[in-house]
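What follows is a set of notes on a single structure, which appears directly below.
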Amino acid sequence: MEQFPKTFLKGAATAAHQVEGGNIHSDYWMQEHLPHSSFAEPSGAADDHYHRYKEDMQLLRDAGANAYRFSMEWARIEPEKGCFDENEIAHYLQMIRDCRMLGLEPVVTLMHFTSPAWLIKEGGWENPKVVEYFADYVRHVAAILRHNVRYVCTINEANMRLQLLELMKNYRLGSSADAAVKTTQAGAPGKESQVQVGLNLNSNLVLGMKEAAEAFGIRDPRKIATFVSPATPDGDRIVMEAHRAAVQILKETDPEIQAGLTLSLHDIQACPGGEQEAARQWDEEFTHYLPWIAGDDFLGVQNYTRKCVHAGGVCEPDHPREKTQMGYEIYPEALEHVIRKVAEDFKGTILVTENGIATDRDEQRCDFIRSAAEGVQNCMLDGIPVKGYFYWSLLDNFEWQKGFSMTFGLIAVDREHDLTRHPKPSLQVLGEL
Ligand code: BGC
């Protein structure tokens, strides 16, 4: 394998809620603690990255990486509408400084799925006012990003809400909440593997949704608009408007900041007869966003596997490979395919902001990383401007509804005892790429 150029950003990614712990003002925290929560377990202290981030960054740096992608937590910074916590803003400034001091380029995400609980009570990501709310939050943190951070991802997987809509359609949900339970209990195995968030459509889904609606003061459970709930077409547009507002603020604050969003992208492969459906799905996942992102400084590409489709939707591939803990096919070539497809239409810089595998066999992770990185290099050799690769994730962490059972990390965390970090050989593999 070739070496990556020195300027190439090579690192790993995390998201605040999944690693920090104690994110008590967030919508997720609230949902995790409902009596019939769809979460396997609450996030609790997570990896206590909030206090141990330096140690984690140091391990990443020592292995040979030069960049770290992490997120700032809106729910910490604005726990109540309009009340900004200066101590939390100072915490993230310190984190950015420490990151740089250790020799890692910080790549900061402003919104990685979690929102302040108050925002959901106000109609969440379907309320057009979220654009102004998000802009207000961005205005408050922009000052610490100025001159300190070069790469800012505004919104993580801005297309996740549409992907969830697709998933729900697969389950034939939407018309009645009762149908949700029947369909889920009936099985539809593996369907949840088509989105990249650990969904847990358990048999208590309806009760959990009802409780969440009560907790957020919303009458109809189907109207709960967290960031990880199915979008209406308006909701999809609202996310893009929030992104544009954020980019404008960032650019006004510091024109040197490189701003973009990230998208969850599958390597969509058409089985015979599935060409039209594959094109439709790619348009929904990627192409229809082009007018909103074409002028951005970069696009964050996030890929975990491929998706085979026939005329009726998702289908099993002809020669399926082994699956990860998440139920995704182990298919590292997907990353190269996705980058090539993206580059046909998006002409700016590409950062691979997430790519990873949930497995308890670290040698599988080592192979996955080598193979995915080779795909990135092939793209670069063909002149595609890929400027970075971030493995998901630096640490074993809280995989949303699936709790801590999914092990994506380059570093294991001893959750039984004292959260001691245990680097895995794959950390070194990444560092030596
Ligand atoms: C998300 C992460 C998640 C990962 C693995 C991505 O969709 O950005 O938060 O943990 O996939 O499922």
Side-chain angles (χ1 to χ4, degrees), residues 11-20 23 26-28 31-32 39-41 43 46-47 49 68-75 107-115 153-164 166-167 190-201 226-229 239 260-267 285-286 299-307 323-332 334-335 338 351-359 365 368-369 372 389-411 413:
T14 59
H17 187 77
Q18 294 177 268
V19 291
E20 285 183 345
N23 190 14
S26 67
D27 53 350
Y28 265 77
Q31 294 175 89
E32 290 161 20
F39 287 76
E41 56 191 318
S43 53
D47 292 339
H49 187 66
Y68 178 42
R69 173 178 177 237
F70 58 93
S71 75
M72 292 172 54
E73 182 54 56
W74 184 1
V107 175
V108 175
T109 305
L110 301 179
M111 222 293 294
H112 194 124
F113 294 165
T114 39
S115 309
C153 306
T154 57
I155 296 177
N156 182 65
E157 297 191 340
N159 57 349
M160 182 48 67
R161 305 196 66 232
L162 268 200
Q163 290 192 352
L164 285 159
E166 184 74 22
L167 173 78
K191 282 278 167 59
E192 63 266 49
S193 67
Q194 300 306 331
V195 290
Q196 294 170 12
V197 190
L199 280 188
N200 209 10
L201 299 175
T226 64
F227 194 81
V228 185
S229 60
V239 172
L261 50 65
T262 81
L263 293 176
S264 154
L265 298 170
H266 294 90
D267 172 16
E285 220 167 88
F286 174 65
L299 172 66
V301 166
Q302 311 204 158
N303 167 266
Y304 287 82
T305 190
R306 69 170 165 175
K307 177 159 145 185
K323 304 247 166 65
T324 70
Q325 294 168 336
M326 294 287 285
Y328 310 156
E329 209 189 355
I330 302 180
Y331 195 84
L335 181 60
V338 162
L351 294 182
V352 177
T353 37
E354 283 182 33
N355 173 250
I357 175 173
T359 177
R365 188 177 349 269
F368 185 93
I369 293 174
Y389 174 87
F390 292 83
Y391 176 81
W392 180 272
S393 177
L394 178 61
L395 303 160
D396 285 342
N397 64 38
F398 180 70
E399 180 55 30
W400 309 112
Q401 278 88 347
K402 288 194 189 297
F404 291 95
S405 57
M406 304 287 115
T407 50
F408 278 95
L410 301 168
I411 300 174
V413 177

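We count residues from 1, following the sequence as given. Side-chain atoms are counted along with the backbone in the values below, which use heavy atoms only and exclude waters and symmetry mates. Both counts, for ligands and for their atoms, begin at 1 and track the order of listing. Just so it is clear, the structure is predicted and the values come from calculations on it, not from any experiment.
Listed by number with element, the atoms of ligand 1 under 4.0 angstrom from any heavy atom of His112 are 1 (C), 2 (C), 8 (O), 9 (O). Those atoms of ligand 1 that come under 4.0 Å of a heavy atom in Met326, given as number and element, are 12 (O). Ligand 1 places these atoms under 4.0 Å from at least one heavy atom of Asn156: 8 (O). Atom numbering of ligand 1 starts at 1 in the shown order; those under 4.0 Å from a heavy atom of Gln302 are 8 (O).
Geometrically, Arg306 engages Tyr331 in a cation-pi contact, judged by NZ or CZ lying under 6.0 Å from the ring centre and within 45° of the ring axis.
Considering every non-hydrogen atom in both Ile357 and Tyr391, the closest pair reads O-OH, 3.2 Å.
What sits closest to atom 7 (O) of ligand 1 on the protein, heavy atoms only, is Glu157 OE1, 2.6 Å. In terms of protein heavy-atom proximity, atom 6 (C) of ligand 1 is closest to Glu354 OE1, 3.0 Å. At the shortest separation from atom 12 (O) of ligand 1 among protein heavy atoms lies Gln196 O, 2.4 Å. At the top of the distance list for atom 10 (O) of ligand 1, counting protein heavy atoms only, stands Glu399 OE1, 2.6 Å. Among protein heavy atoms, atom 4 (C) of ligand 1 sits closest to Tyr304 OH, 3.3 Å.
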Stepwise, does the ring-ring contact (aromatic ring centres under 6.0 Å, His included) test hold for Trp400 with Tyr28? CA-CA 9 Å; Trp400 309 112; Tyr28 265 77; 4.8 Å; yes

Going through the distances and angles, do His17 and Phe398 end up as a ring-ring contact (aromatic ring centres under 6.0 Å, His included)? CA-CA 8 Å; His17 187 77; Phe398 180 70; 5.7 Å; yes

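Using cut-offs of 30° and 60° on the angle between ring planes, the pair Phe227 and Phe113 is parallel.
The main-chain N or O of His266 is found under 3.5 Å from a side-chain atom of Glu285 such that the two form a donor-acceptor pair.
Taking a 4.0 Å cut-off on heavy atoms, Met406 fails to register as neighbouring ligand 1.
Using a cutoff of 4.0 Å between basic side-chain nitrogens and carboxylate oxygens, Lys307 and Glu329 are not scored as salt-bridged.
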